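Structure first, commentary second.
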Amino acid sequence: MKNEEKIMEDKFNEHKLNSKEYRVSANAFTLKDVFECGQCFRWNPIDEQKHKYVGVVDDMVIEVEERQTEKSDDIEIKVYTRSPEQNLEQNLEFDNKEMQDKIYKYFDLDRNYDELKEKLSKIDDNVSSAIQYGGGIRILNQDLWETIISFIISANNNIPRIKGIIERLSKKYGKHIMEDYYSFPKPEELAKATIEDLRKLGLGFRDKRVYETAQIIVNSEIDVNQWYEQPTEQVREQLLELPGIGPKVADCILLFSDLKRFDVFPVDVWVRRVMNELYIKNADEKAVNKKQIEQIAKEKFGAERGLVQQYLFYWKRDN
DNA sequence: GTCCAGGGAATCA
DNA sequence: TGATTCCATGGA
């Protein structure tokens, strides 16, 4: 694996792209937990220990590595960023502060997860165990548009295939950054795709939903910018009007995008399974009422139930 | 061949 | 409202 890492570095160097390194010291930050808890689809490990990942964020290729420090339990994260080729000439010295702010925002570094974990661990032994297992989870602030399309694609789908579809969409309609890395297509870029184009990329029955949602957004039939100022329930109602967005997908978008609402509780097959096992204990799992699950979540987990959902989901799915 | 995957929309009672 | 069925696709 040492060889692969060396090859990766050589690849980066030969392109002479802009690169910056940032070291951040944050508690509750384990790369495997963050990238494999099901919230994102564009990050992949490049070492066997899963201490090093590469991903695409906006128009940047980012490499992150975690290192255990000697003096404390903190994890140091080294971040390299590459600016897009097309911007190199005009932007040789890109704004360090702006880039740093972007990174901090994306990894949600302003939020004190240790404090949240301590508080949520007191709920009961189940939540405490789940946090013990996935304590390194941080909920990313992902681009709203990308999150909308990604989770429409996620419907009745599995994660490897979702990732493949998103890569193919990016390669065909996004901008080339470097090597095999492409930015996720902007609304105007993706809106060029016909339903048939999307079908060829393997979206299946989701092709029409992605197409229609892209058309609505690109034609400005709804203004998503105001969502950042509106209460969660109001945003949720508007999300539900978009083709391909039902209750579960809407909640995922609210939780995993930079809308960043923790007062939602996405219920999928896994969450239903874990909630039934731990709290409801119905012999017939499929018969469990979804509203009952949401009610219990609201009562037991409170305003940060979205974060609790992630701990429970990650814990149960891996065990 | 069958089942399942971080569900949603259409249909019907 | 609530329950059933169909929807593409690929891997196990």
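Owing to the predicted nature of the structure, the values given are computational and were not obtained by experimental measurement. Here is how names work: the chains are called A, B, and so on, in the same order as the sequence lines, proteins then strands, and each is numbered from 1.
Atom P of nucleotide C/dA3 and atom CG of A/D284 are separated by 11 Å, given to the nearest angstrom. One can place CD1 of A/I152 at 16 Å from C1' of C/dA8, the figure rounded to the nearest angstrom. Straight-line distance from the CD1 atom of A/I153 to the P atom of C/dG10: 14 Å, rounded to whole Å.
Taking the P atoms as reference points, C/dG10 lies 22 Å from B/dG8, given to the whole Å. For the P atoms, the distance linking B/dC3 with C/dT5 amounts to 14 Å, nearest Å. Comparing C/dC6 with B/dT2, their P atoms sit 15 Å apart, to the nearest whole Å.
Within the nucleic acid shown, A/R272 has no heavy atom closer than 4.0 Å to any nucleic acid atom. Across all strands shown, A/Y314 has no heavy atoms under 4.0 Å from either base or sugar-phosphate atoms. Within the nucleic acid shown, A/G244 comes within 4.0 Å of sugar-phosphate atoms alone, with no base atom in reach, counting heavy atoms only. At a threshold of 4.0 angstrom between heavy atoms, the contacts of A/C40 with the nucleic acid are absent. Among the heavy atoms of the strands lying under 4.0 Å from A/F313 is at least one base atom, whether or not backbone atoms are also near.
At distances below 3.5 Å, not a single donor-acceptor pair connects side-chain atoms of A/Q132 with backbone N or O atoms of A/S121.
Heavy-atom contacts from other residues, nucleotides or ligands closer than 6.0 Å to CG of A/N219 number more than 12. In this structure, A/Q234 places its CD atom where more than 12 heavy-atom neighbours from other residues, nucleotides or ligands lie under 6.0 Å away. In the displayed structure, A/E277 atom CD is contacted under 6.0 Å by more than 12 heavy atoms of other residues, nucleotides or ligands. Within 6.0 Å of CG on A/N44 lie more than 12 heavy atoms contributed by other residues, nucleotides or ligands.
Side-chain contact check for A/Q230 and A/Q238: at least one donor-acceptor pair (N or O, by modelled atom type) lies under 3.5 Å. Between the side chains of A/Y53 and A/E36, a donor-acceptor pair is found at a separation under 3.5 Å.
Within residues 258-269 of chain A, the residues approached by DNA chain B to less than 4.0 Å at the level of any non-hydrogen atom are A/P266, A/D268, A/V269, in residue-number order. For the contact set between residues 191-214 of chain A and DNA chain C, defined by any heavy atom under 4.0 Å, the members are A/R199, A/G204, A/F205, A/R206.
In 5' to 3' order, the nucleotides of DNA chain B bounding all contacts with chain A (an atom under 4.0 Å from a heavy atom) are B/dA5 to B/dA9.
The two atoms that bring A/R199 and A/D207 nearest to each other are NE-OD2, 2.7 Å, heavy atoms only.
In terms of position along DNA chain B, the nucleotide closest to A/Q39 lies nearer the 5' end than the nucleotide closest to the other residue of the pair A/L242 and A/Q39. Taking for each of A/Q309 and A/I245 the nucleotide of DNA chain B with the nearest heavy atom, the 5'-most of the two is the partner of A/Q309.
Once rounded to the nearest 0.5 Å, the distance linking CZ of A/R317 with CG of A/D268 reads 10.0 Å.
In this structure, the ring of A/F41 has its center less than 6.0 angstrom from the ring center of A/F151.
Annotation: cation-pi geometry satisfied between A/R138 and A/F29 (NZ/CZ under 6.0 angstrom from ring centroid, within 45° of ring axis).
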I'd like a table of donor-acceptor pairs (distance under 3.5 Å, sequence neighbours excluded) in which one partner is a side-chain atom from residues 286-295 of chain A, with atom names and distances.
unit_1: A/N289; atom_1: OD1; unit_2: A/K291; atom_2: N; d: 2.7
unit_1: A/N289; atom_1: OD1; unit_2: A/Q292; atom_2: N; d: 3.2
unit_1: A/Q295; atom_1: NE2; unit_2: A/E299; atom_2: OE2; d: 2.8

Please report, to 0.1 Å, the donor-acceptor pairs under 3.5 Å made by any side chain of residues 241-255 of chain A, with sequence neighbours excluded.
unit_1: A/D251; atom_1: OD1; unit_2: A/R236; atom_2: NE; d: 2.7
unit_1: A/D251; atom_1: OD2; unit_2: A/R236; atom_2: NH2; d: 3.3

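Between A/K117 and A/E115 there is no salt bridge, since none of the side-chain N atoms of the basic residue sits less than 4.0 Å from a carboxylate O of the acidic one.
Taking a pair as Watson-Crick or G-U wobble with both distances under 3.5 Å, the runs of three or more consecutive pairs in DNA chain C are B:2-5 with C:9-12, B:7-13 with C:1-7.
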